[in-house]
A.B. asks: 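Sending over a structure as structure tokens; questions will come in a sec.
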Amino acid sequence: MEQYTEKLKEMARPLLAWYDENRRILPWREEVSPYRTWVSEIMLQQTRVAAVLPYFHRFMERCPTVEALAAADEQELLKLWEGLGYYSRARNLQKAARIITGEYGGQLPADQKALMALPGIGDYTAGAILSIAFGVPIPAVDGNVLRILSRFTGSDLDILDAKNRKIFRTWAAAALPAERPGAFNQALMDLGSAVCLPGPSPRCGDCPLAHLCAARQEGKQAMLPVRTPKREKRREEMTVFLLRRTDGAVALCRRPQRGLLAGLWEYPNIPGLLTEVSAARQLAAWGLAVQRWEKSWRAKHVFTHVRWDMQGYAVTVTGDGELAWYTAEQRRQMAIPSAFERATRVLEELEGE
DNA sequence: TTCCGGTATA
DNA sequence: TATACCGGAA
């Protein structure tokens, strides 16, 4: 980890020089105040600059000060936020504005703990406000910064893994210059949005840090950053049969004693999404004669690691097939997991008729 | 359709 | 530690 600190310290000079030439002209940069920085950073959470611009203008007209924000009507505030998404940001903004007027005399506190205690302000936003509006040398690590640091160091640490966040933060702190910390943090964001782009084609040719960048030197900039393979939920398709005989008995199967839903009961099912024709063929193969197709449905159920996509058929049949049949009395004692809730509900409807 | 992400919350 | 919250880009 420490092996990077020397390299990281070399970032600031070329990055700031690049920023002075290439920085985006943005309303919250042209006129800087803690309030404006705060509002802009909240709006920029999960949201691109282009989307924020018109909102920021309108917002500043309507709520030019912390006091105005604190006093605003919530409905009006939400209207101002309409279309920007994540509406709890607007509510938290106002909650925080009321705390700031009540407890801090209308001035944002220049203190990390105090800022982070305000609703809507987390680690990143606190860092952004402190460095940009107050000149405090504290990192502000967002997705851009994670990507840049990951490439710069050539690190294959997973940027989505919370365990690694501390390491990236340490790197960001090592790179942060004592002078112009706000400009530095904003430079990283601009670099991330214009040059060190996500995906396979960062513009290394335009990058002021290319000569220092480990990923660039190793030609692996397209492979970084590493992000968890999103723990892909595997998707399983199945056809579920709700089979009922005229005497009211229903077919159920016991799941294996190990694995998912171990030992619980389920309606007979087979892999794949079967059409009614294929399903009929399956029933015939089981030695069942269809008396009546009652109902069909689609359902899905999501487990931590699997997603079931189910096609259901409720059928009145005659015969036993190879299946085990249970009366309503017996079924009351049997555990049928909620993954089959839809089928169970259909059964209850049918039995209610 | 899927991907992406700061913060709050459970 | 995982997930909901949202809209827009890929």
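Per chain, numbering begins at 1; letters A, B, ... match sequence-line order. Computed from a predicted structure; not experimentally measured.
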A.B. asks: I'd like a list of close polar pairs between nucleotides 7-10 of chain C and the protein, N/O only, cut-off under 3.5 Å.
C.D. replies:
from	atom 1	to	atom 2	distance (Å)
C:dG7	OP1	A:Tyr87	OH	2.7

A.B. asks: What is the distance from OH of A:Tyr124 to P of B:dG5, rounded to the nearest Å?
C.D. replies: 13 Å

A.B. asks: Can you tell me the distance, in whole Å, between the CH2 atom of A:Trp38 and the C1' atom of B:dT7?
C.D. replies: 15 Å

A.B. asks: Rounded to whole Å, please give me the gap between CD in A:Glu41 and P in B:dG6.
C.D. replies: 10 Å

A.B. asks: Tell me the interatomic distance from A:Ile42, atom CD1, to B:dT7, atom C1', rounded to whole angstroms.
C.D. replies: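 Interatomic distance, CD1 of A:Ile42 to C1' of B:dT7: 9 Å.
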
A.B. asks: Heavy atoms, side chains only, cut-off 4.5 Å: are A:Arg216 and A:Arg151 in contact?
C.D. replies: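 No, too far: nothing below the 4.5 Å cut-off.
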
A.B. asks: Taking any heavy-atom pair under 4.0 Å as a contact, classify A:Leu44: base, sugar-phosphate, or nothing.
C.D. replies: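 No contact.
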
A.B. asks: Any base atoms under 4.0 Å from A:Thr47, or only sugar-phosphate, or nothing? Heavy atoms, all strands.
C.D. replies: nothing

A.B. asks: What is the distance from CG of A:Asp158 to P of B:dC4, rounded to the nearest Å?
C.D. replies: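 Roughly 12 Å, once rounded to whole Å.
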
A.B. asks: Rounded to the Å, how far apart are A:Arg169 CZ and B:dG6 P?
C.D. replies: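 Rounded to the whole Å, the gap is 14 Å.
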
A.B. asks: Examine the side chains of A:Asn144 and A:Arg147 and answer whether a donor and an acceptor come within less than 3.5 Å of each other.
C.D. replies: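 Their side chains do contain a donor-acceptor pair, which is all the 3.5 Å distance test asks for.
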
A.B. asks: Dump the intermediate steps for side-chain hydrogen bond (donor to acceptor under 3.5 Å, both in side chains) on A:Gln45 and A:Tyr124, then the final yes or no.
C.D. replies: CA-CA 9 Å; A:Gln45 288 170 4; A:Tyr124 162 78; over 6 Å; no

A.B. asks: Should the ring pair A:Phe56 and A:Trp28 be called parallel, tilted or perpendicular, given that the plane angle runs from 0 to 90° and is split at 30 and 60?
C.D. replies: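 Ring orientation, 0 to 90° scale: perpendicular.
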
A.B. asks: How close or far is atom P of B:dG5 from atom CG of A:Leu146, stated in whole angstroms?
C.D. replies: 8 Å

A.B. asks: Rounded to whole Å, how long is the line connecting atom CG of A:Asp123 with atom P of B:dG5?
C.D. replies: 16 Å

A.B. asks: Any carboxylate oxygen within less than 4.0 angstrom of a Lys/Arg side-chain nitrogen, looking at A:Arg13 and A:Glu10?
C.D. replies: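 The answer is no: the pair does not qualify as a salt bridge.
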
A.B. asks: Do the non-hydrogen side-chain atoms of A:Asp190 and A:Trp18 ever get within less than 4.5 Å of each other?
C.D. replies: yes

A.B. asks: Please classify the nucleic acid contact of A:Pro119 as base, sugar-phosphate, or nothing, using heavy-atom distances under 4.0 Å.
C.D. replies: sugar-phosphate

A.B. asks: Starting from the 5' end of DNA chain B, give me the residue, A:Arg147 or A:Asn92, whose nearest nucleotide shows up first.
C.D. replies: A:Arg147

A.B. asks: So does A:Ala72 get a backbone contact from the side chain of A:Gln94, meaning a donor-acceptor N/O pair under 3.5 Å?
C.D. replies: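 Checked: pair present.
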
A.B. asks: OP1 or OP2 of B:dA8 sitting under 4.0 Å from any side-chain N/O of A:Arg89?
C.D. replies: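 False: A:Arg89 side-chain N/O out of range (4.0 Å or more) of B:dA8 OP1/OP2.
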
